[in-house]
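Proteins come first, then strands; the chains are lettered A, B, ... in the order of their sequence lines, and each starts at number 1. Scope of the values below: all heavy atoms of this structure, side chains included, with no hydrogens, waters or symmetry mates.
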Amino acid sequence: MRWSRTFIHTLRQDPADAEVVSHRLMVRAGMISKVAAGIYNYLPLGLRSIARLERIIREELEKAGSAELLMPAIQPAELWQESGRWSQYGPELLRIKDRHDRDFCFGPTHEEVITDIVRREIRSYRQLPVNLFQIQTKFRDEIRPRFGLMRGREFIMKDAYSFHADAADLDVAYRAMEAAYRRIFERCGLDYTTVEADTGNIGGSESHEFMVLADTGEDAIMSCACGYGANVEKAATGEIEAAPPWPGEIPGAPEPVATPDQKAVEDVAAFLKLDPAHFIKTMIFETDEEFVAVLIRGDREINEVKLKNALDCTHLQLASPEKIEKVTGGPHGFSGPVGLADLKIVADPTVMALAVAATGANAADTHLVGVVPGRDFEPDLVADVNLAAAGDPCPRCGKPMVERRGIEVGHIFKLGTKYSVPMRCTFLDAEGNEQPCIMGCYGLGVGRTVAAAVEQNHDDRGIVWPLPLAPYEVVLVMLNADRPEVVEAAGALYERLREAGLDVLLDDRPERPGVKFNDMDLIGFPVRVVVGKRGLDNGEIELSLRRDGERRSAPIGDAVDAVRGLLHELRSELPA
RNA sequence: CGGGGUGUAGCGCAGCCUGGUAGCGCACCUGCCUUGGGCGCAGGGGGUCGGAGGUUCAAAUCCUCUCGCCCCGACCA
C-alpha cells in the first residue's frame with residue numbers, strides 16, 4: 001500500500017482527552033478516532049492491527065477445536081427473559097425497541113443466543129461436545145468508559161462457548177482453550193500472566209483471567225514466585241500473622257472506655273496504646289434485603305467481592321451514617337459486634353483468631369476493650385472476606401506475595417448449567433435420561449489486547465509494535481520525493497518487496513524528512529527502510545529496527561534479502 | 001449516580017474575572033525558498049464561541065436551564 005492511497009493522519013499533539021499511553025498513541029498515530037464516549041472508529045491503520053490479531057485468534061481457536069460462527073449484535077428480549085438476565089443485567093444492557101415496540105437489546109455477550117442455537121440442534125450425548133466462537137462487536141453501556149480501546153462501550157470481542165455432557169469433558173475443553181489463549185498472547189509477544197478470578201455475575205465454578213502486565217492496568221493481581229496468581233478480588237492468603245500479645249490481663253467482660261472523637265482504627269489504637277491488629281473493625285453493609293455487620297481485623301481491609309459471594313447477594317454497598325446509627329444505635333465510627341443482636345454478623349477468620357480485642361461500643365465516643373470473640377459475640381457466618389495485600393503469605397507456599405497491575409485481556413469460565421437449565425438446553429445421556437448441557441465460555445478482548453500491546457511496547461517517540469500486531473511489518477520511506485531518481489528507485493524497490501510477499505507500506509508523501517521520520521517512529525513500524533538521494537548516490541539503502549533504531553546500510557540490490565533478514569531476526573524471538 | 005473540571009477554526013489553546021470589531025500556535029491553500037529528524041519568508045481561506053432562554057444600547061464574557069466530553073469514586077464476562 002502507498003501512504004498516499006490509504007488514510008493515515010497523524011497528530012502532532014496529544015489529544016486533550018487521552019489519558020493513558022495506548023489511547024494517546026493510537027489516536028496520534030491515526031489508528032483510531034473517537035465518535036462518542038467509549039465509541040471509536042477503527043481507521044485503516046488500526047483495523048490492520050486488529051485484523052492481524054484476529055487472524056492469530058482464528059488459527060489458534062480452530063486448532064483448539066472451536067468453529068467460527070457469527071451471531072447478531074441485536075438480540076430479542078425473550079431470550080434474555082428466559083435466562084433471567086433481562087431483569088438482572090441492569091442499565092449496562094443497552095435496550096432498544098423496534099418499530100413494533102418490541103424489546104431488543106444490543107448484545108453485551110452471547111450466552112443466550114448461543115444456548116438457543118445449540119438447544120435447537122442437540123438431542124444426544126453423541127452430538128457433544130460443541131465448541132463455537134465468534135469475533136463480533138459488543139455493546140456494554142459502561143458507567144464510565146475510558147482509556148480509548150481499553151474500556152469502550154462498543155468493542156470487538158472474541159467470545160467462545162462450549163457445551164458438554166459432563167464436567168470431565170468440559171475440563172478437557174477448558175484446558176484446550178486455556179492453552180490456545182496462552183499461544184495467542186505468546187504469539188503476540190505480550191508479557192502476560194494467568195490468574196484465578198472471581199466469576200462475577202456470570203457464575204460458574206472455575207475461572208481464569210489472562211492479564212497483560214502493565215502499570216496502567218485497571219486490575220490488581222497478587223502473585224507468588226511459586227506460581228500462584230489471582231485477581232485481588234479473588235486472592236486468598238496463607239495464615240495472616242497473629243496479632244501481638246495483648247498487653248495486660250484479659251478482663252472477664254468487655255470494658256467500655258471513653259475515646260472522644262477517635263474513629264479511625266489507627267487513632268484509637270494510638271490513643272489506647274494498642275496495636276491496630278488488636279481491633280475488630282466493624283463495617284455496616286447494606287444488601288438487597290438486609291443490613292450486615294462485617295468484622296475484619298483492624299489492620300486489614302474488606303474485600304467486597306468476597307463478601308458479596310459469601311452473602312450470595314447481587315448488590316452490596318456500605319450503609320450511610322444515618323442508617324448505621326439506626327441499625328446499631330451508635331454513630332458511624334463506633335460500631336462493634338457486641339450486643340448487635342438484630343444484625344447479621346459476618347466475621348473474617350482473622351477476627352475469630354483474636355484471643356481478645358478492642359472494638360466500637362455502638363455508642364458515641366466509646367470503645368470496648370477486652371472483647372473475646374465467641375464469648376462476647378457470636379458471628380452468624382465466618383468467611384474469608386480479607387483483602388489480600390502485598391507481603392501477605394501465599395495460600396499455597398506461604399511465601400510473601402507481590403502485587404502487580406494488569407490489563408484483563410481474556411477471561412475463561414466454567415459456566416456449568418447456569419444457562420442450560422433455565423433455557424432447557426438438554427440432551428439424552430447414554431441411559432436415556434435428559435440432562436442439561438455443561439457449559440464453558442471464553443472471552444478475549446480484541447481491541448483491548450491491541451491496546452495492551454501498545455501499553456507494553458512504546459517509548460517516548462511512539463509505539464514499538466511487536467511484529468505480529470504491526471499494521472505493516474515494513475515501511476519504505478521515500479525521502480527527497482522531489483528527486484525523480486529517488487521516486488523511481490523507491491517505487492521499484494517497493495514493487496520488489498511486494499513481489500517478495502512482504503507486508504510493506506510505501507511512504508510516498510512529499511514531506512520533509514523530519515516529518516516522515518517522526519511519523520514512522522510514532523506509528524512504530526518494526527522495520528524501516530529508507531531510500532534517499534544520499535544513500536542512492538552510493539547505490540545503498542538504509543535499514544533499521546524501530547526498537548533500537550540502529551541504522552545499517554545495504555546495497556539496494558540486496559534490499560529484499562536484508563529486509564527478510566531483519567524480519568527473520570524479529571520472528572525468531574517469537575513462538576512459531 | 002455522587003464529586004471535580006471542561007466546551008472558542010481540523011488539532012492544541014488564550015480571551016471570560018472587569019460586557020464594546022474573536023485571537024495565537026500547528027494544520028490547510030498560493031508563491032518563493034529549502035530538503036536525512038516536526039525548515040524559512042510572504043500572502044490567504046476557514047469560527048452559529050456546545051445549545052436554548054434571559055439581563056443589557058451591546059454577551060464568547062453576566063444569569064438560568066440544557067447537552068456533550070474528561071478526571072476521581074462507586075460499577076464492571
Can you tell whether the side chains of [X] and [Y] come within less than 4.0 Å, N to carboxylate O?
X      : Y      : result
A:D348 : A:R300 : no
A:K158 : A:E54  : no
A:D537 : A:K533 : no

In whole angstrom, what separates [X]'s [atom1] from [N]'s [atom2]?
X      : N     : atom1 : atom2 : answer
A:F285 : B:A74 : CZ    : C1'   : 12 Å
A:H23  : B:C71 : NE2   : C1'   : 13 Å
A:I143 : B:G3  : CD1   : P     : 16 Å
A:M150 : B:C70 : CE    : P     : 15 Å
A:R140 : B:C76 : CZ    : P     : 12 Å
A:R151 : B:G73 : CZ    : P     : 12 Å
A:R24  : B:C11 : CZ    : C1'   : 16 Å
A:E142 : B:A74 : CD    : P     : 14 Å

Margin query: Strictly below 4.0 Å: does A:K308 bring a side-chain N or O up to OP1 or OP2 of B:C75?
Written below: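 Result: no.
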Notebook entry, point to check: Taking only side-chain nitrogens and oxygens of A:R146, does any of them come within less than 4.0 Å of OP1 or OP2 of B:C72?
Noted result: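 Yes, such a contact exists.
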Which value, in whole Å, describes the distance between the [atom1] atoms of nucleotides [N] and [M]?
N     : M     : atom1 : answer
B:G50 : B:A60 : C1'   : 12 Å
B:A74 : B:A9  : C1'   : 39 Å
B:C49 : B:U21 : P     : 15 Å
B:G15 : B:C62 : C1'   : 16 Å
B:C69 : B:C11 : C1'   : 16 Å
B:G31 : B:G23 : P     : 27 Å
B:G54 : B:A59 : C1'   : 11 Å
B:A52 : B:U61 : P     : 12 Å

Item checked: A:D215 atom CG: more than 12 heavy-atom contacts under 6.0 Å ->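 Counting other residues, nucleotides and ligands, CG of A:D215 stays at 12 neighbours or fewer.
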Check: Counting only heavy atoms not in A:D312, do more than 12 sit closer than 6.0 Å to its CG atom?
Finding: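 Atom CG in A:D312 is not packed in, count stays at 12 or less.
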Note to self: How would you summarise protein contacts on nucleotides 32-39 of chain B per nucleotide, using B for base, S for sugar-phosphate only and - for none, with heavy-atom distances below 4.0 Å?
What the structure shows: --BBBBBB
Next item on the list: Using a 4.0 Å heavy-atom cut-off across all strands, classify A:R483 as base, sugar-phosphate, or nothing.
Entry: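 Result for A:R483 = nothing.
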Notebook entry, point to check: Hey, does the side chain of A:D459 reach the backbone of A:G462 with a donor-acceptor pair shorter than 3.5 angstrom?
Noted result: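 Checking the backbone N and O of A:G462 against the side chain of A:D459, a donor-acceptor pair under 3.5 Å is found.
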Item checked: Derivation of the salt bridge (charged side-chain N to carboxylate O under 4.0 Å, His left out) call for A:E178 and A:R175 -> CA-CA 5 Å; A:E178 184 181 359; A:R175 299 301 154 211; 2.9 Å; yes
